[in-house]
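All ligand and atom numbering here is 1-based and tracks the order in the structure.
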Amino acid sequence: MTEWWRRAVIYQVYPRSFQDSNTDGVGDLPGLLQRLEYLAWLGVDALWLSPVYPSPMADFGYDVSDYTGIDALFGDLADFDRVVAKAHALGLKVILDFVPNHTSDRHPWFAESRSSRANPKRDWYIWRDGKTGGPPTNWLSEFGGSAWTFDAATGQYYYHAYLAAQPDLNWRNPEVRAAMHAAMRFWLDRGVDGFRLDTIEHLIEDSALRDNPPNENWTPADPPTQKLRRRFTTDQPEISEALQGLRSVTDDYDNRVLIGETYLPLERVVTYYGHGIHLPFNFHLIGAAWQAKTIAALIQRYEDLLPPGAWPNWVLGNHDRSRIAARVGPAQARIAAMLLLTLRGTPTMYYGDELGLSDVPIHPERVQDPWEKNVPGHGLGRDPVRTPMPWDGSLHGGFSSAEPWLPLNTDSTKLNVEVLRDDPASILTLYRKLLALRSRTPALSIGDYGHIGHDRNVLMFERRHDQSLYMIALNMSATEITVSLPNSGRVALSTHLDRETESFVRLVALRADEGVVLALNT
Ligand code: NOJ
């Protein structure tokens, strides 16, 4: 049997911004429950929920204070169960975000751990003595400043890869592993179909506490958090065993998936298959130059690096990175949609990208993101990509009847689900047609690649399965380009949505910014 996640398209929901149901301006689970039909209508197969656990929200849920509950902001466990039940009834899988690397500093485990050096939970976190009047190492927090915070009460430093409010757990401690396994089982028993594991490359640090070396490529234009290479703080060999422990938990259940967040070079990303992760996120479309030549080389390199049996995956955007429409512009955002949904491997979509939503400018007074607050001015703020989903043209876009926690896109009266749903030429219609085409066309989901290449600035690749053969041709330029094909056939879909079923004889003229899926005669 082919595992469901090989054919699936995953849709990331950022719960704070999807649908508010109780007029507090923040999205919640009962709100999401109302919108599940939309996801089924759109045609995705699985939703991944960013964290909904109890949290002081220093990092909007990525600071967990209880791994087996739901924050009151989002609802309660009964609401969660309703979401899972309805999603399943609609044929949608549910993937939970799981944050194994760190807890909140308000987690009772950390409260115990910091209470005294002799506390049995002291070793659940990374406590070390300082060195010559300063922190134990030069390690930097991803969110700015030293990764060590001094705790005067017990006279030691604790390590945090992110905020001081997010102390790192000690994954060398078997009790920590057992506690996290139990938390995973809690959700697996409730029926979740898998986990997206947060920042797994950070799970374990060098036990000898060696200083990180300088990053030779750093310039003052780069964020100070990039000054050092993460040689001794990420991607350490012991991570493998820890992750395989998580895999052995999910393997006790049928049909569950483990997805890992891996911001690493591709040759390192692919090693995480060997650590038990089904889908180590491939984020390499996010930083890539938007050119046919570069993307063709990326696809080929990734395919060459994949170990035997490993299933690829692709991501265009998420709650941490600038939106695709902001990066490549509205015309090429349609090309990006066609690319994501025709590549070999499981695609992950980010809510709102199906509307062509762009980054929303945030007034300095409304900034929420701790990253932006700590390391301002480097374009790192994540609020612009976390704005409320615009459902209709009403005040607050149908997201909430109160002022939302972040502003909506200023064009929400035009750019919203209700308007785009009824527009036969909209990007939303394109996404829906692409999802339907992919779902009924095995060549596009599980098929192999044929030729992968580029002609001028047109990216071209073949997908084949049994007797069916498709060519995807994506014009990544703003000029018309005619491409020649190995055979004749018909147009299955154009990003311009106006030439379906058109037949062609060996040549196809692509308009500016046009992509096509072509069914070739075999
Ligand atoms: C990665 C998450 O995607 C991001 O939002 C978060 O701030 C960090 N990990 C820390 O958990």
**Student:** Before we go on, tell me: are the rings of Y263 and H202 under 6.0 Å apart, centre to centre?
**Tutor:**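 Judged by ring-centre distance (under 6.0 Å), Y263 and H202 do not meet the cut-off.
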**Student:** Which of the atoms in ligand 1, numbered in the order shown and given with their element, are less than 4.0 Å from a heavy-atom of R386?
**Tutor:**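 Contacts of ligand 1 toward R386, numbered from 1: 5 (O).
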**Student:** For W127, does the six-membered ring have the charged nitrogen or CZ of R122 within the cation-pi criterion, i.e. under 6.0 angstrom from the centroid and within 45° of the normal?
**Tutor:**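 R122 over W127 ring: yes.
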**Student:** Measure from the side-chain N and O atoms of R327 to the backbone N and O of L316, and report whether any donor-acceptor pair falls under 3.5 Å.
**Tutor:**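 Side chain of R327 to backbone of L316, a donor-acceptor pair under 3.5 Å: yes, one is there.
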**Student:** Taking the six-membered ring of W4, is the NZ or CZ of K93 close enough (under 6.0 Å from the centre) and on axis enough (within 45°)?
**Tutor:**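 Here K93 passes the 6.0 Å and 45° test against W4.
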**Student:** I need the nearest protein heavy-atom contact for atom 6 (C) of ligand 1: residue, atom name and distance, please.
**Tutor:**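 Answer, as residue, atom name and distance: D59 OD2, 3.3 Å.
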**Student:** I'd like to know if E216 and R229 make a salt bridge, using a cut-off of under 4.0 Å between side-chain N and carboxylate O.
**Tutor:**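 Yes, E216 and R229 are salt-bridged.
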**Student:** Heavy-atom contact check, 4.0 Å cutoff: does R196 meet ligand 1?
**Tutor:**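 Yes; R196 lies near enough to ligand 1 that a heavy-atom distance drops under 4.0 Å.
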**Student:** Check if F143 has a non-hydrogen atom at a distance under 4.0 Å from any atom of ligand 1.
**Tutor:**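 True for this residue.
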**Student:** Polar contacts were defined as any N/O atom of the residue lying under 3.5 Å from an N/O atom of the ligand; does this apply to R382 and ligand 1?
**Tutor:**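 It does: an N or O of R382 is found under 3.5 Å from an N or O of ligand 1.
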**Student:** Does at least one non-hydrogen atom of H102 fall below 4.0 angstrom from an atom of ligand 1?
**Tutor:**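 Contact present.
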**Student:** Looking only at protein heavy atoms, which one is nearest to atom 8 (C) of ligand 1, and how far off is it?
**Tutor:**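 I find the closest protein heavy atom is Y162 CE2, 3.7 Å.
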**Student:** Taking D59 for its side chain and Y62 for its backbone only, find out whether a donor-acceptor pair lies under 3.5 Å.
**Tutor:**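 The answer is no, because no donor-acceptor pair under 3.5 Å joins these two groups.
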**Student:** With a cut-off of 4.0 Å, which atoms of ligand 1 are near a heavy atom of D320?
**Tutor:**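 Counting atoms of ligand 1 from 1, those under 4.0 Å from D320 are 1 (C), 2 (C), 3 (O), 4 (C), 5 (O).
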**Student:** So which heavy atom in the protein is nearest atom 9 (N) of ligand 1, and how far is it from that ligand atom?
**Tutor:**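 Going by distance alone, atom 9 (N) of ligand 1 is nearest to D198 OD1, 3.0 Å.
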**Student:** Does any N or O in the side chain of T262 come within less than 3.5 Å of the main-chain N or O of F281, such that one atom is a donor and the other an acceptor?
**Tutor:**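 Indeed, once roles are kept as given, a pair shorter than 3.5 Å links the two residues.
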